[in-house]
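These notes are about the structure you will find just below.
Just so you know, these numbers use all the heavy atoms, side chains as well, and skip hydrogens, waters and symmetry mates.
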Amino acid sequence: MRLLILFLFLPLSYALQAQKINPSALQEARPETVGISSERLQRIDRVMQMYVDSGRQAGVAVLVARNGKIVQHKAYGYDNLAQKTPLKRDAIFRIASQTKAITSMGVLILFEEGKLLLDDPISKYIPSFKTMTVLDKFNEKDTSFTTIPAKRDITIRQLLTHTSGIGYPTIGTKEANAIYAKYRIPSGIGTPNENLADAIDRLAKLPLLSQPGERWTYSLSIDVLGRLIEVVSGQTLDQFLRARIFEPLGMNDTFFYLPAPKHSRLTTLYTEDANKKTIAYPAQAGMDQNYPNKPGKFYAGGAGLSSTLLDYAIFLQMVMNGGEYNGKRILSPTTIRLALMNQIGDLNVGTNKFGLGFSLGTAKSAARLPVSEGVFEWGGYFGTSYWGDPKEGIVALIYTQKVPNSYGDLGDKFRVLVYQAITELKNSGHVNED
């Protein structure tokens, strides 16, 4: 009888254990269990600390995972240089353009539900884009311009791939910077009282910088897609992303505007003086650096979020897992496959291509640094960067909070440091994935 009870209980016991420890959730583990050297990972520590000690960075935080196991999750230096407050690994960072990939996956959720097609014209959902023009001549002295008609409608796919012809304010071309400033087009950072519907409608009245589909131009396209999500879902972008991505994945520290209990975790923002010395970001620099700690109603799908290393690693791991994380399926693996395919044909982003929401590594980029072809990646304005490597099972992030930054070589060095710690290639069949 005791044996019978034991046999009946064992399956339930294993089921409860499996619920408690789901192998698809990120967990910290000894690096050697996933073919990475603990000793070689210490090189990351030395280089990060060197950038802090030399004054190049106030603080740096990194996370490295392989096959769903976190092997490095550390913070170096200071959150507040003046007060010598240590930077913590759960600090909340302004991730700016890392928002774009999340919004893009939101569009693909609606795509999977049959609520839109990627080659639909955006004007089908936002009528202000119905009759577009393209910039012809621009007068730099008075910011006047002439236009020609657009040859075709902008599609959702072109918005996802930054081939819509839309530009960016402040960080775009001189033409885009001038025209968007004149017509008060927000960048999405530090404008909490703007109205997204109105801002996108104003943008639609302005000329494109190129014909749709003919050029890759970094742009406000994803902000337009944020408005698309609102129109199609009937929710604000904040409500939609929280219900469909953040809450299911357990991304509990990712917000457009931080709740009061999390305000103290927002990192201090830094910049450089004329001698490239790291200094606090000045209040008169044209942006309130504490914007995530203030209430707001403007949800910028291209730049508005703040988050932690771990939260964003969870999002990336979901993509790596083919759309699923910790038992929660966000997207189908077929849709993830589509998102990680070259969607821009013969156009290029440096040596990379572009998918649906991500830059994609090519053979040329894999020949420059030891990343794999097919890496998906991007970063944010305030010194944050990430990539996912499906071939080697790597998810890696490096975050600073400094703009501008003369020491951008740290990003490439970090990539080298991550890959040099690998001792067993995943495709060799020798890596322990348990």
Using a 4.5 Å cut-off on heavy atoms from C-beta on, say whether the side chain of Val134 contacts that of Thr147. no
Member of Phe414, Phe376, Phe358, Trp378 meeting the ring-ring contact (aromatic ring centres under 6.0 Å, His included) criterion with Trp387: Phe414
Do Glu194 and Arg202 sit within salt-bridge range, that is, some charged N less than 4.0 Å from a carboxylate O? yes
Main-chain N/O of Ser128 paired with Asp201 side-chain donor or acceptor, under 3.5 Å: no
Between Glu392 and Asp389, is there a donor-acceptor pair closer than 3.5 Å when you use the side chain of the first and the backbone of the second? no
Backbone N/O of Gly167 and side chain of Tyr180: donor-acceptor pair under 3.5 Å: yes
I'd like to know if the side chain of Arg265 and the backbone of Asp90 have a donor-acceptor N/O pair within less than 3.5 Å. yes
So Pro370 and Val416, do their side chains get closer than 4.5 Å, heavy atoms only? yes
Can I get a per-line list of side-chain donor-acceptor pairs under 3.5 Å for residues 336-343, giving both atom names and the distance, sequence neighbours left out?
from, atom 1, to, atom 2, distance (Å)
Asn342, OD1, Ile344, N, 2.9
Asn342, OD1, Gly345, N, 3.4
Asn342, ND2, Gly345, O, 3.2
Gln343, OE1, Arg157, NH1, 2.9
Gln343, NE2, Leu338, O, 3.1

What are the two closest heavy atoms between Leu116 and Phe111, and how far apart are they? O-CD1, 3.6 Å
Give a yes/no verdict on a cation-pi contact between Arg56 and Tyr51, requiring under 6.0 Å between NZ or CZ and the six-membered ring centre and an angle within 45° of the axis. yes
Are any of the side-chain heavy atoms of Thr133 and Leu206 separated by less than 4.5 Å? no
Residues Lys297 and Asp238 bridged, charged N to O under 4.0 Å: no
Pair Ser38, Glu32: side-chain N/O donor-acceptor within cut-off below 3.5 Å: yes
Would you say Gln239's side chain and Thr236's backbone share a donor-acceptor pair under 3.5 angstrom? yes
Please check this pair: side chain of Arg66 against backbone of Ile36, looking for a donor-acceptor N/O pair closer than 3.5 Å. no
If I compare all heavy atoms of Tyr381 with all of Val403, which pair ends up nearest, and what's the gap? CZ-CG2, 3.4 Å
Any donor-acceptor pair under 3.5 Å linking the side chain of Ser164 with the backbone of Pro212? no
Going by the salt bridge (Lys or Arg N to Asp or Glu O under 4.0 Å) test, which pairs reach into residues 162-181, not counting sequence neighbours? Glu140-Lys174
Pairs meeting criterion salt bridge (Lys or Arg N to Asp or Glu O under 4.0 Å) with involvement of residues 176-192, two or more places apart: none
Using the benzene-type ring in the case of Trp, are the ring centres of Phe93 and Tyr399 under 6.0 Å apart? yes
If we only count heavy atoms from C-beta on, is the Lys402 to Tyr407 side-chain gap below 4.5 Å? yes
So, the side chain of Thr103 versus the backbone of Lys100: is there a donor-acceptor pair under 3.5 Å, distance only? no
Hey, are Thr163 and Thr161 close enough side-chain-wise for a donor-acceptor pair under 3.5 Å? yes
Between Pro404 and Thr271, is there a side-chain heavy-atom distance shorter than 4.5 Å? yes
Please determine, by modelled atom types, if Thr267 and Asp79 share a side-chain donor-acceptor pair under 3.5 angstrom. no
Answer yes or no: is there an ion pair linking Arg152 with Glu214, defined by an N-O contact shorter than 4.0 Å? yes
Is the backbone N or O of Val375 less than 3.5 Å from a side-chain atom of Ser372, with the two atoms forming a donor-acceptor pair by type? no
Is it the case that the side chains of Gln49 and Asp45 hold a donor-acceptor pair, with the cut-off being a distance below 3.5 Å and no angle test? no
Aromatic ring centroids of Tyr312 and Tyr386 under 6.0 Å? yes
Whether the Asn348 and Lys353 side chains hold a donor-acceptor pair (N or O, under 3.5 Å, no angle test) is what I'd like checked. yes
Using only heavy-atom distances, determine whether the side chains of Asp119 and Thr155 contain a donor-acceptor pair under 3.5 Å. no
Backbone N or O of Asp311 within a donor-acceptor pair of the Thr308 side chain at under 3.5 Å? yes
Audit row: Glu272, Ser406, side-chain hydrogen bond (donor to acceptor under 3.5 Å, both in side chains) steps and yes/no: CA-CA 8 Å; Glu272 294 178 355; Ser406 298; 2.7 Å; yes
Residue pair Ile166 / Phe129, side-chain heavy-atom distance below 4.5 Å: yes
